[in-house]
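Take a look at the structure set out below.
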There are 2 protein chains.
Amino acid sequence: MDRFLSSAINRIDSKGRVSVPAHFRAVVQKRGYGDLYALRALDVPALDVGGLDLLDRYEERIALEDPFLQTADDMSFFCHGDGAFLKLDQDGRITVTDFLREHTGIEAEVAFVGRGTFFQMWEPSRLKAHGEAVRARLLRLRQAAAANRRGESE
Amino acid sequence: MDRFLSSAINRIDSKGRVSVPAHFRAVVQKRGYGDLYALRALDVPALDVGGLDLLDRYEERIALEDPFLQTADDMSFFCHGDGAFLKLDQDGRITVTDFLREHTGIEAEVAFVGRGTFFQMWEPSRLKAHGEAVRARLLRLRQAAAANRRGESE
DNA sequence: TGGGCGAATATGGGCGTCAACGGGATCGAT
DNA sequence: ATCGATCCCGTTGACGCCCATATTCGCCCA
């Protein structure tokens, strides 16, 4: 398996370390990621974590912008400057720095969520709330679509 | 790694010196930069620091301007005249001169921010404010794009 | 089908190394 | 002689390395 799938919650120890789920570590190795890179997600209190190829996508996008306009600068600032390296120690743990805690609200536990080509880190209770909100939105969407279809057929 | 990534905050000592993050120093060496060159960023209170190829970028920009107009002259003055060399001592520190403090408001601490091909130096609290502004702009961009897509599909 | 064994994983903590930091010593220019 | 810049060394604290323990889960066998 070469994609980040499913989720897990792990505890942060007294030294501020947390184990990355073994399954994720296997994917990291299979994909040949040396270092992990974490970005603060734009609209949710979560971190997007992946290899450096995570940046490639952003850099391609930036290349489409006029490099002398503000937007290109903002994008570069966001992906180059507002990220952090997560170094796996040889037991497969990373240290949770203030940089990570600030954006996510993480304190004692971390929820790891697979997202295919990358994974996310959440504060568990916020993840739960977010998950419920996502389900509610999708449900409304589905019901709205059904209502439209009934309306059209009349 | 050959790009300037992530960020760090370091203290200025009583002699006015500050350590350039070890990770950045490694990139400097890998890129073969002898001296570092610092330019005052145009629209933010930050310094753009990199090798002399940093100038290439600005010179390309100037080349796009009509040499008979004032803008080209202004730009040349800005990038050729308004920069400073930063010499790394053998512990990897630079001295923070008034030239650097003036434009940035730096006093006791320096925030180093990777930007891919170069890095920036900020006064930490100003960096924080700027970062939030950038995120807000990017979020608006994202939401505007989502609204467009909905609009098209109707 | 239930119990127990063993491997893999999560977790806790001691220890060495390195980077950031502080300050004395040296050199040179004014 | 003084000031400033550079070198050099010692200290400190954070982080990575290593090993020990615990807990979970799957597997095998009775």
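Just so it is clear: chains get the letters A, B, ... in the order the sequence lines come, proteins before strands, and each one is counted from 1. Here the structure is a predicted model, which means the values were calculated and not measured.
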Checklist entry - On the ring face of Phe99(B), is Arg40(B) found with NZ or CZ under 6.0 Å from the centre and within 45° of the axis? => result yes
Next on the checklist: Just to verify, what does Asp89(B) make a salt bridge (Lys or Arg N to Asp or Glu O under 4.0 Å) with, not counting sequence neighbours?
Outcome noted: Arg93(B)
Item to check | Tyr37(B): partners by ring pair (Phe, Tyr, Trp, His ring centres under 6.0 Å), with sequence neighbours left out | outcome: Phe85(B)
Item to check | Whole-Å distance separating the CZ atom of Phe112(B) from the C1' atom of dA19(C) | outcome: 13 Å
Checklist entry - Closest approach of Asp2(A) and Val27(A), non-hydrogen atoms and distance? => result O-CG1, 3.5 Å
Checklist outcome for this item: With B for base contact, S for sugar-phosphate-only contact and - for none (protein heavy atoms under 4.0 Å), nucleotides 14-21 of chain D reads --BBBB--
Checklist entry - What is the distance, rounded to the nearest whole Å, between atom NE2 of His23(B) and atom C1' of dA20(C)? => result 17 Å
Checklist entry - Does His80(A) use its side chain to pair, donor to acceptor, with the backbone of Thr117(B) at less than 3.5 Å? => result no
Checklist entry - Can you check the Phe85(A) CZ to dA19(C) P distance for me, whole Å? => result 16 Å
Next on the checklist: In this structure, how many angstroms lie between the P atom of dA10(C) and the CD1 atom of Ile12(A), rounded?
Outcome noted: 15 Å
Checklist entry - Which part of the nucleic acid does Ser19(A) contact within heavy-atom distance under 4.0 Å: base, sugar-phosphate only, or nothing? => result base
Item to check | Worked verdict on Lys128(B) versus Glu102(A) for salt bridge (Lys or Arg N to Asp or Glu O under 4.0 Å) | outcome: CA-CA 12 Å; Lys128(B) 190 162 179 291; Glu102(A) 212 177 278; 5.4 Å; no
Checklist entry - Between Arg25(A) (CZ) and dA8(C) (P), how many Å, whole number? => result 13 Å
Checklist entry - Rounded to whole angstrom units, what separation is found between the CZ atom of Arg11(A) and the P atom of dT11(C)? => result 5 Å
Checklist outcome for this item: 5'-most contact on DNA chain C (nearest-nucleotide basis), Pro21(B) vs Ser14(B), goes to Pro21(B)
Checklist entry - Quick one: Ile9(A) CD1 to dT11(C) C1', roughly how many Å, whole number? => result 16 Å
